[in-house]
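Below: the structure, in C-alpha cells.
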Amino acid sequence: MNKNVFFRFSFYVSLSLLVLFAGKVFSQEREAEPADNFQMEVYLTQEEALKLVFPESDEIVTDEIIMTPEEKQHLEQLLKRRLFEDGFIVYIGKKNDEIQGYAIITEEIGKFHPFTFIVGVKPNGKISEIAVLVYRESRGGEIARKRFLYQFPGKSFKNPIRINKDIINITGATMSVQYMCAGVRKVLGVINEYYLNGKREINVTKEGNDKKMQSSAGVAHRNLNEKQSKKGDEASGKKLVKETRMIMGTFAEISTYSNNVKNAGAAIDAALNEMERMDALLSNYKKDSELSRVNREAAKSPVPCSAEFLEFIEQSLFFSELSGGAFDITVSPLVSLWGFFNEKGHIPSDEEINRLLPSVSYKNIEIKRNGDKKKPGTVFFKHISTQIDPGAIGKGYAVDKALNVFKKYGIDNACINLGGNIYVLGEPDGKDAWRVGIQHPRNKNEILGYLELKDEATATSGDYERFFEIDGDRYSHIIDPRTGKPVKGTIAVTIVAPSGTDVDALSTIVYVLGKEKGLKHLREIPGAEALIACENGGKIVLYTTRGFNEKFTRVENEGKTDVTWHVVSANQQ
Ligand code: AMP
Ligand code: MG
C-alpha cells in the first residue's frame, strides 16, 4: 500500500534584522479551498484589542523578543510544537509605572488561513482577556465569539489547555479550536519564559498613545522599539520601523531605519498597499483578479487587459524564452494534476500527463497591444485548457513594485520581504549590509550561512517548501513543463540578482534546469549569482558561483557532516 503523506514546510522565518532567513513560506497561493470561500472578518483593530486587554493602563509599552535558534528550540520543546515565528512583540500595560499585564497579538494558521488574536496575561500568569482580531476562514468562526472564548480567562501555563478536557469543543470547528488552544499555550509559554520567570529585563519603549499604531486588518504591527536592533555603537540612533502584513498568502514585511518615523511609516504603508494591489491584480485564487478573469475567459476569446497586467505576462514570457521553456507560467494544469493545488498529492499516469502537455506552453499565450506599451490590449489562450499560475514570479514582481513606491518617500534604506523574496535597499543603520540567512534545505532549524547584501534581491526555490512523499520518494511543487513531472535532483536554489522579479524567476529556472544548464543561463542576467543544492545518495552537495561566495558567509554547524561545498564558475558549462 502506498504511504502518501503531504507535507508543507512553510515556516515563516526570521523577522530579525540580524539574520533574515530566506525560506519561502506559507505559499498559500494555491489552496484546496475555492476562492469564494475565503472570508475575512475583522473584529477588532490592534488599538481596540490593546484597549480591551489593558482597560486601566495609562501606558502601553512594547518589547520585541528576537529568539536565538537555541531559544526557539527550547520554546518548541516546552510547547511540544513547531513555531513559525522567530520573535514576538510583547505589549506591556502599565498604570502609575506598575505592570498590569502582558499581551501578545499573534497568528495561528487555521485550516487554510491565519487568524489573528490577542491574549492578555496578568502578572500572576493567568489569562485576563482573549479576543480575535481577524478571522479568515469560511468555517470555524465560532472561536471568535465570546461564548467560546470565556473559557480561557483564569487559565495559566500550568494548564495544558486540552480540547474536550479543559476547553469545550465546538462541533464543526474542531480544527479552529485546536489551533486556538495551541496559540494560547504559545502566548502563555512566551510570557512565562521571558517575563514571569525573570529571564527578561524590561527596558522598553513607550508606545501608549501612539496614534500611528496599525489599525487596519490587525495582522500588522509596527515596532518602534530600537532596543532590539542589535546595532553597533556606530549607529546613528535612527529608529527601526517595521510592519508585517499577510499578503499573497504569506508574510510581507518591510523594515527601515529612519529619523522620521512618520515618513517611514507612510512609506512602508504605501509599499505594502502596493503589494496588496499586485495581489488583487495577479492572484489566482481571488475570483475578481485580472488574472482569474483571464484564466476563465481567454481560451474562448481575446480578453481585454490592462497595460500593467500585460507587462507582467511579458516579463514571464521573457523568462520562458530565456530558459527554453523550463520556466512557464502555463504550468498550472500540471501543478493541479499532481495535487499541489488541493494538497492531495498523487502520482498521475503518463497518459494523464501527456494529455495535458499540449496546454502547457508559454507559446499558447497570445498578447495583442492597442498601440504602444503603455496601452491596454488583449490576452488569448490558443489552447482550450491553458491556465496561468503566477506562483514562480508574482511575489518577486510585487517586491519590485513595492520598492518603486517606497523609494518615492526619499528613504535610503529598507528590507522588503514578501515570503522570502527579498530586496534590500542601501544599508541598515550602523552596518555595511543587510544580512539574509539561507535555510538548510533539510533542517529548518539550521542555516547554511548568510548573505550580506546591499541594493539587490534574493530568493530561494526549495523542494522543502511544498512537497508530498510516496514510498519515501519526494515529489516537489516545481514541475518541469517539458516532461510534466516534478523536478528531481535539485533540492534548493538561492539566487542573488538586481531585482525581485529576476531572483524569483531565476530561482525557479535554475531549479528546473539543474546545475550545469542553470549556471549557463545565469550568464544572461548581469549580476546574477547562485547557490545550488543537490541531493545525491542522502548527501547534500552545494555549489556556489564565485560572486555568490563573495557575499556569503558559511555557518559551520557543529558536527555537521552532511554538506559538501563546491565553488563553481558561473560560465562553467
Ligand atoms: P518558486 O517557489 O518561486 O520556485 O515557485 C514555485 C511555484 O511556481 C509552484 O508552487 C508552482 O505554483 C509554480 N511552478 C511550478 N513549476 C513551475 C515552472 N516550471 N515554471 C513556472 N512556475 C512553476
Ligand atoms: Mg520563483
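Indexing begins at 1, ligand by ligand and atom by atom, following the structure's order.
A donor and an acceptor atom, one from each side chain of Thr250 and Lys395, are nowhere located under 3.5 Å apart. For the residue pair Glu290/Ser306, the side-chain donor-acceptor check at 3.5 Å is satisfied.
For Lys363, the side chain to side chain contact (heavy atoms under 4.5 Å, CB included) partners at least two apart in sequence or on another chain are Ser361.
Neither the backbone nor the side chain of Ala459 comes within contact range of ligand 1; no heavy atom lies under 4.0 Å. The side chain of Asp389, and not its backbone, has at least one atom closer than 4.0 Å to an atom of ligand 1 (non-hydrogen atoms only; side chain from C-beta on).
Heavy atoms of Phe327 approach ligand 1 to within less than 4.0 angstrom. Between Ser332 and ligand 1 there is no heavy-atom distance shorter than 4.0 Å.
Of the candidates Val331, Val360, Asn284, Val331 brings a heavy atom nearest to atom 14 (N) of ligand 1.
Salt-bridge formation is detected for the pair Lys72/Asp86: a Lys NZ or Arg NE/NH1/NH2 atom is positioned less than 4.0 Å from an Asp or Glu carboxylate oxygen.
Of all atoms in ligand 1, listed by their number and element, those nearer than 4.0 Å to a heavy atom of Pro481 are 19 (N). Near Asp504, the atoms of ligand 1 lying under 4.0 angstrom from a non-hydrogen atom of the residue are 3 (O).
Between the Mg ion (ligand 2) and Gly391 there is no N/O/S contact shorter than 2.8 Å.
For the pair Lys488 and Tyr475, the cation-pi test (distance below 6.0 Å, angle within 45°) is passed.
A perpendicular orientation is assigned to the rings of Phe312 and Tyr397, their planes being inclined by more than 60° (bins at 30° and 60°).
Vertex the Mg ion (ligand 2), arms ending at OD1 of Asp504 and OG1 of Thr508: the angle is 170° after rounding to 10 degrees.
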